[in-house]
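One structure, as structure tokens, below. Some questions next.
All values derive from a computational prediction rather than experimental measurement.
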Amino acid sequence: FKRGSPQVTVCWNVFGLPTSLHRDGVLANEAWPYFDTYNTHTYSRPKHYLQQFAAIREGACGRPIWLTECGKPTPYVDGEEPRDPTPENMRQQAEFIARSYACSLFAGVDRHFFYILGDGPGQSAMSYGLLRQDFTPRPAYPAMAAVGRFLAGAKCIGRATPSVYAFRAWPDGVERDVLVAWGSEGTPCAIPAAATVESVHDFLGRRLDAGVPKENGMRPIFVVMPKGSARSLSLEPPPGRSAERRGRPAAVVLQVSMPRQSTRLTDQAYEIPTGQPSQIPLYVYNFGKEATRGTLRIEDCPPSLVAKLDSTPIRLAPMERRRILVSVVPKGSARELAAGVQVKIRGDFGTAGRPVVAFRLVANPAELVPRKLVPVPLADDKARWRKHVSKGSTMHCGFANLGALEFDLQYGDANPWAAPYIDLREAEIPSNAVDGLAYVVQLVEGAARVRTTLAERAGDSIHQYRPDAGSVLAGTKPQRI
């Protein structure tokens, strides 16, 4: 990219789940010389950004962080044309925008892109857009304009509380200090007593001549203050960027390329069988203008694997690619491999660089034999099971033979899915000693793909984890998942 246009900004390709595993992969692969901005997405609540972005700040390696997709989906009202959410949901979307920008800028984001200007087409049940499909604005549109007006060129100074954030900005083109603040339901926002207020504006940008409202709930307000006056406030500073990691891109680059069906995206890993050797294709590229010669070696391999590759010197012409096979053999207990392990390979090509590739491998859980099974009697009480179904679908639950539960699912015409779910009681939540979940399912009639979703509540948000791509139920015999 840089050879074609030295001034181009090379952005990190977004992975939509900003996890510590993803950060670890960036660091292990020493990827920092290859991107100018570290990009990410989030649909979490703004109050969780600070903690959620901790791994992102480290993975950015001192580069700017771009939040290239962030929004608040709101459900459409069924059967109405033109399609629109309820007025209450549209108001909540509008209120979300200033809170989201304030919290993301404090959490370390340099550029924040809202998703999305126009409304999404098709049969989606959720609305994201600032504009309707006929391009008339929803309330979120002037709310976005207000953020652009009062946080123009903003740099976060700090926060007085988790709902009062201070910025140096240029509202209406004039340098000022600006507070973005909100309260909670039934409670006004608490502006610091030392704040010198020039003007107050609501989340849509309208001036509030009466000043800070006595009861504004979650509705954000913008408080414009004289330049430099925020220094008199007691503020928690925003977290700093991680230390900048320096380096130069190597002319020689290593790449692991496994079949797509082996990818386990959530685990940031490739799936391999446990009972036989695997051949991992490794490609070596020379993007330099000169021929080069070098060697490869296994730099790091866990005890649960034996990894080997040919250490014979490799000669590469300019723009040549060479395929090398890395032999990987699981050994000993498969428990470590079940959680995922990392293999790291280092090259030494002299002036052409010392490239590295680190990749994670994970076992196919269907091949693992449990040492111990702990029953969870989830089928004992059908009243505990809840239903979550797509529009037009229905689901009924009843008892079948052998104490099993039977679910009757009738799918609608569009986007057919149905998810019976259950909240585990405290005593049923597995401990850290548990490595997996197994259950038996039998298709009685029709066709289906079964996919497991594990959900964990963290405050007001719910984090979902889908450990596999799903299993197609074949025939009517019981299948162990």
Less than 4.5 Å apart, any side-chain heavy atom of Arg45 and any of Cys103?
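No, their side chains stay 4.5 Å or more apart.
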Can you list, pair by pair, the side-chain donor-acceptor contacts under 3.5 Å of residues 151-162, counting residues two or more places apart and other chains?
residue : atom : partner : partner atom : Å
Arg159  : NE   : Glu236  : OE1          : 2.8
Arg159  : NH1  : Tyr165  : OH           : 3.2
Arg159  : NH2  : Glu236  : OE1          : 3.4
Thr161  : OG1  : Ser163  : N            : 3.1
Thr161  : OG1  : Ser163  : OG           : 3.4
Thr161  : OG1  : Val164  : N            : 3.3

Residue pair Ile280 / Leu309, side-chain heavy-atom distance below 4.5 Å
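The answer is no, as the side chains (C-beta and beyond) never meet within the 4.5 Å cut-off.
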Rounded to the nearest 0.5 Å, how far does CD of Glu271 lie from CG of Leu361?
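It is 10.5 Å, given to the nearest 0.5 Å.
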Donor-acceptor under 3.5 Å (Lys289 side chain, Pro318 main chain)
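Not a single qualifying donor-acceptor pair exists.
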If we only count heavy atoms from C-beta on, is the Ile97 to Leu130 side-chain gap below 4.5 Å?
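When only atoms from C-beta onward are counted, Leu130 and Ile97 do touch, with a gap below 4.5 Å.
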Are a donor atom and an acceptor atom from the side chains of Gln93 and Thr74 found within less than 3.5 Å of each other?
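No, no side-chain donor-acceptor pair sits under 3.5 Å.
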Report yes if the side chains of Leu27 and Glu58 come closer than 4.5 Å at any heavy-atom pair, otherwise no.
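They are in contact (side-chain heavy atoms under 4.5 Å apart), so the answer is yes.
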Say whether Tyr439 and Thr452, considering side chains only, have a donor N or O and an acceptor N or O under 3.5 Å apart.
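On atom types as modelled, these side chains qualify, holding a pair under 3.5 Å.
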Measuring only between side-chain heavy atoms, which start at C-beta, is Ser393 closer than 4.5 Å to Gln410?
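No, side chains not in contact.
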Looking only at heavy atoms, what is the nearest atom pair of Ser278 and Pro273, with distance?
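Closest approach of Ser278 to Pro273, heavy atoms only: OG-CD, 3.4 Å.
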To the nearest 0.5 angstrom, please state how far the NE2 atom of His41 sits from the OG1 atom of Thr68.
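Rounded to the nearest 0.5 Å, the NE2-OG1 separation comes out at 3.5 Å.
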Please check: side-chain N/O of Arg322 versus main-chain N/O of Arg315, any donor-acceptor pairing under 3.5 Å?
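At least one qualifying donor-acceptor pair exists.
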Is there a side-chain contact between Cys70 and His112 in this structure, where contact means two heavy atoms from C-beta onward sitting under 4.5 Å apart?
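Yes - at least one pair of side-chain heavy atoms lies under 4.5 Å apart.
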Looking at Arg57, is its backbone amide N or carbonyl O close enough to the side chain of Ser242 to form a donor-acceptor pair, meaning the two atoms are under 3.5 Å apart?
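Confirmed, Ser242 side chain pairs with Arg57 backbone.
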Verify, without hydrogens or angle tests, whether Arg321 (side chain) and Tyr283 (backbone) share a donor-acceptor contact under 3.5 angstrom.
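Such a contact is absent between Arg321 side chain and Tyr283 backbone.
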List the atom of Pro375, the atom of Leu373, and the distance in Å for their closest heavy-atom pair.
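Closest approach of Pro375 to Leu373, heavy atoms only: CD-O, 3.7 Å.
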Gly71 to Tyr43 - nearest heavy-atom pair and separation
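Of all heavy-atom pairs spanning Gly71 and Tyr43, the closest is O-CD2, 3.3 Å.
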If we count only N and O atoms by modelled type, under 3.5 Å, do the side chains of Asn29 and Tyr34 hold a donor and an acceptor together?
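Checked: Asn29/Tyr34 side chains show no N/O donor-acceptor pair below 3.5 Å.
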Taking the side chain as everything from C-beta on, heavy atoms only, tell me whether Leu437 gets closer than 4.5 Å to Leu454.
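Side-chain contact under 4.5 Å: yes.
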Euclidean distance, Glu69 CD relative to Thr42 OG1, rounded to 0.5 Å:
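With rounding to 0.5 Å, OG1 (Thr42) is 10.0 Å from CD (Glu69).
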Contact between Cys11 and Thr9 at the side-chain level, heavy atoms closer than 4.5 Å - yes or no?
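Side-chain contact under 4.5 Å: yes.
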Are the side chain of Asp110 and the backbone of Ile65 linked by a donor-acceptor contact shorter than 3.5 Å?
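At least one qualifying donor-acceptor pair exists.
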For residues 345-357, run the donor-acceptor check on the side chains, cut-off 3.5 Å, and write out each pair with its distance to 0.1 Å, sequence neighbours left out.
residue : atom : partner : partner atom : Å
Arg346  : NE   : Glu299  : OE1          : 2.9
Arg346  : NH1  : Glu30   : OE1          : 3.2
Arg346  : NH1  : Arg354  : O            : 3.2
Arg346  : NH2  : Glu30   : OE2          : 2.7
Arg346  : NH2  : Glu299  : OE2          : 3.4
Asp348  : OD1  : Gly350  : N            : 3.3

Sidechain-backbone polar pair: Arg63 side chain, Trp32 backbone, donor-acceptor under 3.5 Å:
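Yes, because the side chain of Arg63 sits within donor-acceptor range (under 3.5 Å) of the backbone of Trp32.
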So for atom CD, which belongs to Glu445, do other residues, nucleotides or ligands contribute more than 12 heavy atoms lying within a distance under 6.0 Å?
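At most 12 heavy atoms, drawn from other residues, nucleotides or ligands, come within 6.0 Å of this atom.
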Minimum-distance pair of heavy atoms, taken over all atoms of Pro370 and Arg480
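Minimum heavy-atom contact is CG-NH2, 3.5 Å.
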Could you tell me if Arg111 and Thr37 have a donor-acceptor pair between their side chains, going purely by distance under 3.5 Å?
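Thr37 vs Arg111: no donor-acceptor pair found between side chains.
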Over 60° means perpendicular and under 30° means parallel, so classify the ring planes of His388 and Tyr421, tilted if in between.
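Perpendicular, since the angle between the ring planes exceeds 60°.
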Apply side chain to side chain contact (heavy atoms under 4.5 Å, CB included) to Arg360 and Leu21, showing your working.
CA-CA 10 Å; Arg360 284 172 44 82; Leu21 277 180; 3.7 Å; yes
Output the distance between atom CG (Asp119) and atom OG (Ser127), rounded to the nearest 0.5 Å.
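So the CG of Asp119 and the OG of Ser127 are separated by 4.0 Å.
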Find the distance between CH2 (Trp182) and CD (Glu95) and round it off to the nearest 0.5 Å.
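Taking CH2 in Trp182 and CD in Glu95, the distance rounds to 11.5 Å.
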So, Ser100 side chain and Phe96 main chain: donor-acceptor pair closer than 3.5 Å or not?
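Flag not set: sc Ser100 to bb Phe96 has no pair under 3.5 Å.
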Closest non-hydrogen atom pair, Ala166 against Leu235:
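Closest heavy-atom pair between Ala166 and Leu235: CB-CD1, 3.8 Å.
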Side chain to side chain contact (heavy atoms under 4.5 Å, CB included) for Phe287 and Val252? Distances and angles first, verdict last.
CA-CA 6 Å; Phe287 291 108; Val252 176; over 6 Å; no
Spatial distance of atom CG (Leu67) from atom CZ (Phe114) [nearest 0.5 Å]
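The CZ atom of Phe114 is 11.0 Å from CG of Leu67, to the nearest 0.5 Å.
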For the residue pair Phe113 and Trp66, does the interplanar ring angle fall in the parallel (under 30°), tilted (30 to 60°) or perpendicular (over 60°) class?
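It falls in the tilted class, 30° to 60°.
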For Gln51, I'd like to know if atom CD has over 12 heavy atoms of other residues, nucleotides or ligands within 6.0 Å.
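12 or below, so no.
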What is the minimum heavy-atom distance between Glu336 and Ser304, and which atoms define it?
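In this case the closest contact between Glu336 and Ser304 is OE1-OG, 3.1 Å.
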For Tyr38 and Trp12, take the angle between the two ring planes, folded into 0 to 90°, and tell me which bin it lands in: parallel under 30, tilted 30 to 60, perpendicular over 60.
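Judged by the thresholds at 30° and 60°, the geometry between Tyr38 and Trp12 is parallel.
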Test item: Arg138 side-chain N/O and Gly129 main-chain N/O as donor-acceptor pair under 3.5 Å:
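Between the backbone of Gly129 and the side chain of Arg138 there is a qualifying donor-acceptor contact (under 3.5 Å).
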